[in-house]
Structure formats: C-alpha cells, structure tokens
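Quantities reported herein were computed from a predicted structural model and do not represent experimental measurements.
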Amino acid sequence: MDTIVLTILLTNCLIALCGYRVLFRSRYLFSDRFGFIVSITGGNIVSLVITNNLFYLFSNHFSIISFVNLLIGVVIGVTIGSLLNSQTLIAGIYSGGTGSVMGTMIGAVSLDPSICSLPSQIYNQQELILFFGLFGLCLHLLTTLLLLFALKV
C-alpha cells in the first residue's frame, strides 16, 4: 500500500512542478486578481494533497508529521504566492498553511473515522486511503488544468 501512496505522492509533486513552471514563465501576464486566485487556489490544493499523502506514509508519528506538514504547506504557499507581489505572498502563506492542516486532518480521519464519531466498519482502512489518494490526485489535476486554462483565456 505504501508504494501506491508513494506513486500518488510523486505524481502530485510532478503535476505541481509542471503547473508551477508554466505559471512562473507567464507570471508577467498576471493581473493582481489572477495572481491572488492562483495563490489561494494553487497553494491550497497542492498543500492539501501532498500533506494528505505524506500523512498516509508517516501516520505512526502524528505530532512530528503534523508539524512537518504545516511547514511544507507554508513553504508551498510561499513558493506559489511569491509569483507576483507581497499580497499574493501573504495569501499563499495562509492558503498553504490551511491546506496542509486540512490534508493532515483528512488523513487522520480516513485512518481512524471514530475521531469524528463516524462508523468505522463501513470501509476498511486501505479502501479509504486509496479513495482519498486517488480523489486528491484527480482534484489536483483538475484544479491545475483549470488554472492553466484560465491563464490562456
């Protein structure tokens, strides 16, 4: 199961890198509004899916991986937010941190649904990990394609 999650994580990183590369090359064409949208949307979805998959890989060390995920989310937000100006940088920091906390909590709830008083006998743990990993991959790909399409329009 770890190899599947690692493959999904590497695919998410590749999608994020390709999307960032295209956005970085055309950053001078951004308006302030589009830069703000890219910063919030990109920082949120990239940090959400990457930290969710990292939580699945290192779920035995909850406090350490939660802190590391928060740092990774903020770094992703700074990277995407620094494309335009200081306003988008602040929005990127916020959205990256928020996405990383959401990814960590989605991972925690999918591994132990009783945290939120959900029934734990409906699906087993491997099905939930596979569902959330693949759903996050599809959501990340769709969001990146929408951002790149919005750049062309």
Checklist entry - Would F149 and L145 count as a side-chain contact (heavy atoms from CB on, under 4.5 Å) if you check the C-alpha gap in whole Å, the side-chain angles of each, and the deciding distance to 0.1 Å? => result CA-CA 6 Å; F149 176 73; L145 289 176; over 6 Å; no
Checklist entry - Hey, mind stepping through V68 and I72 against side-chain contact (heavy atoms from CB on, under 4.5 Å) and telling me if it holds? => result CA-CA 6 Å; V68 169; I72 288 172; 3.8 Å; yes
Next on the checklist: Apply side-chain contact (heavy atoms from CB on, under 4.5 Å) to residues S100 and V74 and explain how you reach the verdict.
Outcome noted: CA-CA 8 Å; S100 68; V74 169; 5.8 Å; no
Checklist entry - Can V49 and L139 be said to form a side-chain contact (heavy atoms from CB on, under 4.5 Å), step by step? => result CA-CA 9 Å; V49 295; L139 186 67; 5.6 Å; no
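Side chain of S95 to backbone of S39: a donor-acceptor contact under 3.5 angstrom is found. Although no hydrogens or angles enter the test, the distance criterion places a donor-acceptor pair under 3.5 Å between the side chain of S47 and the main chain of G96. No donor-acceptor pair under 3.5 Å is formed between the side chain of R21 and the backbone N or O of C18. Using modelled atom types, one side-chain atom of S31 and one backbone atom of F34 make a donor-acceptor pair closer than 3.5 Å.
Of the candidates I76, T79, I15, V46, Y20 forms a side chain to side chain contact (heavy atoms under 4.5 Å, CB included) with just one, namely T79. When the options N53, V5, I106 are evaluated for a side chain to side chain contact (heavy atoms under 4.5 Å, CB included) with F132, the one that passes is I106.
For the atom pair L130 CG and Y56 OH, the distance stands at 10.0 Å (nearest 0.5 Å). To the nearest 0.5 Å, atom CD1 of residue I8 and atom CG of residue L134 are 4.0 Å apart. The CG atom of L147 sits 10.0 Å away from atom CD1 of I45, with the distance rounded to the nearest 0.5 Å. In this structure, the separation between CD1 on I37 and CG on D32 is 11.0 Å, given to the nearest 0.5 Å. Rounding to the nearest 0.5 Å gives a distance of 13.0 Å between CZ of F58 and OG of S66. Atom OG of S86 sits about 5.5 Å away from atom CD1 of I90, to the nearest 0.5 Å.
Nearest approach of A108 to F62, heavy atoms of both residues: CB-CE1, 4.2 Å. Between I80 and V38, the shortest heavy-atom distance links the atoms CG2-O, 3.8 Å. Minimum interatomic distance between L83 and R27 (heavy atoms only, all atoms of both residues): O-CD, 3.6 Å.
V78 and L54 sit in two unconnected hydrophobic clusters of ILVMFWY residues. Membership requires side-chain heavy atoms under 4.5 Å apart, directly or through other members. Linking Ile, Leu, Val, Met, Phe, Trp and Tyr whenever their side-chain heavy atoms come within less than 4.5 Å leaves I40 and V101 in two separate clusters. There is no path of hydrophobic side-chain contacts, each under 4.5 Å, that joins L151 to L146. Note: the hydrophobic cluster containing L111 also contains M105 (ILVMFWY, side chain heavy atoms under 4.5 Å, direct or indirect links). Cluster annotation: I65 is connected to I50 through the hydrophobic network of ILVMFWY side chains, with a link wherever side-chain heavy atoms come within less than 4.5 Å.
Between the side chains of T104 and N69, a donor-acceptor pair is found at a separation under 3.5 Å.
Taking the six-membered ring for Trp and thresholds of 30 and 60 degrees, F135 and F131 have nearly parallel ring planes, at less than 30 degrees apart.
Side-chain contact between M102 and T51 is absent, with no heavy atoms from C-beta onward closer than 4.5 Å.
The neighbour count for F30 CZ, taken as heavy atoms of other residues, nucleotides or ligands under 6.0 Å away, is above 12.
Within the cation-pi definition used here (under 6.0 Å to the ring centroid, within 45° of the axis), R33 does not qualify as a partner of F36.
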